Amino acid sequence: QVTLVESGGGLVQAGGSLRLSCTASGRTYYSIYGLGWFRQPPGEEREFVAAINSGFATYYTNSVKGRFTVSRDNAKNMLYLQMDSLKPEDSAVYYCAARNIGSATINEAEYDYWGQGTRVTVSS
């Protein structure tokens, strides 16, 4: 079993930055996992934000391209999401996710492990 814990959320003004972190613990073979970030805005469905595969290739939803950067540190079992130029529409609960194979996917149903989420609020 793998446990994921997000941190780094909070309140920030539009145009500001936040860095989310996700720590994995348990029976991890972290270097082989595909990893992703998802978010759920208030009153909406959860949606894909970014992903990184075991080969460090990255993928982003169009609305965050050029503003967000996903990265991983396999030695530390860590996943990060650097969020710059934040907009009020980025406000959401952000979740990290991991899957037992190395490829990345935008489909949340294909992830095996989830964190509990961290809230990001961007004020205008």
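Since the structure is predicted, the reported quantities are computational estimates derived from the model, not experimental observations.
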Q | Side chain to side chain, R39 and V120, heavy atoms closer than 4.5 Å | A | no

Tightest non-hydrogen contact, residues S124 and A14, listed as CA-CB, 4.3 Å

Cut-off 3.5 Å, side chains only: do Y113 and N100 have a donor facing an acceptor?
-> yes

Item to check | side chain to side chain contact (heavy atoms under 4.5 Å, CB included) between R67 and D90, worked out | outcome: CA-CA 11 Å; R67 301 188 298 121; D90 295 318; 2.7 Å; yes

In short, C22 meets L4 closest at the heavy-atom pair SG-CB, 4.0 Å

To the nearest 0.5 Å, atom OG of S54 lies from atom CD1 of I101 at 9.5 Å

Please determine whether residues L79 and Y60 belong to a single hydrophobic cluster, defined as Ile, Leu, Val, Met, Phe, Trp and Tyr linked transitively by side-chain heavy-atom distances below 4.5 Å.
yes

Those residues at least two apart in sequence (or on a different chain) that pass side-chain hydrogen bond (donor to acceptor under 3.5 Å, both in side chains) with E108 are R46

In this structure, OH of Y33 is separated from CG of D112 (nearest 0.5 Å) by 8.5 Å

Please check if any side-chain donor atom of S17 sits under 3.5 Å from a side-chain acceptor atom of D84, or the reverse.
yes

Taken to the nearest 0.5 Å, the spacing of S7 OG from L20 CG works out to 8.0 Å

Query raised in the report: Is there side-chain contact between Q82 and S71, with at least one heavy-atom pair below 4.5 Å?
Result: no

Here the pair of heavy atoms bringing L35 nearest to A98 is CD2-CB, 3.6 Å

One should read off an interatomic distance between L81 CG and T118 OG1, to the nearest 0.5 angstrom, of 11.0 Å

query: Backbone N or O of C96 within a donor-acceptor pair of the E6 side chain at under 3.5 Å?
result: yes

Interatomic distance, CD@E89 vs OG@S63, rounded to 0.5 Å, equals 8.5 Å

Smallest heavy-atom separation, Q116 atom then V5 atom, equals OE1-CA, 3.7 Å

Review point. Between S103 and R99, is any side-chain donor less than 3.5 angstrom from a side-chain acceptor?
Key: yes

Heavy-atom closest pair (N74 atom, F56 atom, distance to 0.1 Å) is ND2-CZ, 3.7 Å

Quiz item: Short question: side chain of S91, backbone of V122 - any donor-acceptor pair under 3.5 Å?
Solution: yes

Students should find that the hydrophobic cluster of Y95, defined by side-chain heavy atoms under 4.5 Å apart, otherwise consists of F38, F48, Y59, V93, I106, Y111, W114

Is there a side-chain contact between D73 and Y80 in this structure, where contact means two heavy atoms from C-beta onward sitting under 4.5 Å apart?
yes

Rounded to the nearest 0.5 Å, the CD atom of Q13 sits from the CG atom of L86 at a distance of 11.5 Å

### Query
T58 versus F68: any side-chain heavy-atom pair under 4.5 Å?
no

Closest non-hydrogen atoms of N107 and T105, given as atom of the first, atom of the second and distance, are N-OG1, 3.0 Å

(Q) Is it true that, when you exclude R119 itself, more than 12 heavy atoms of the residues, nucleotides or ligands shown sit nearer than 6.0 Å to its CZ? (A) no

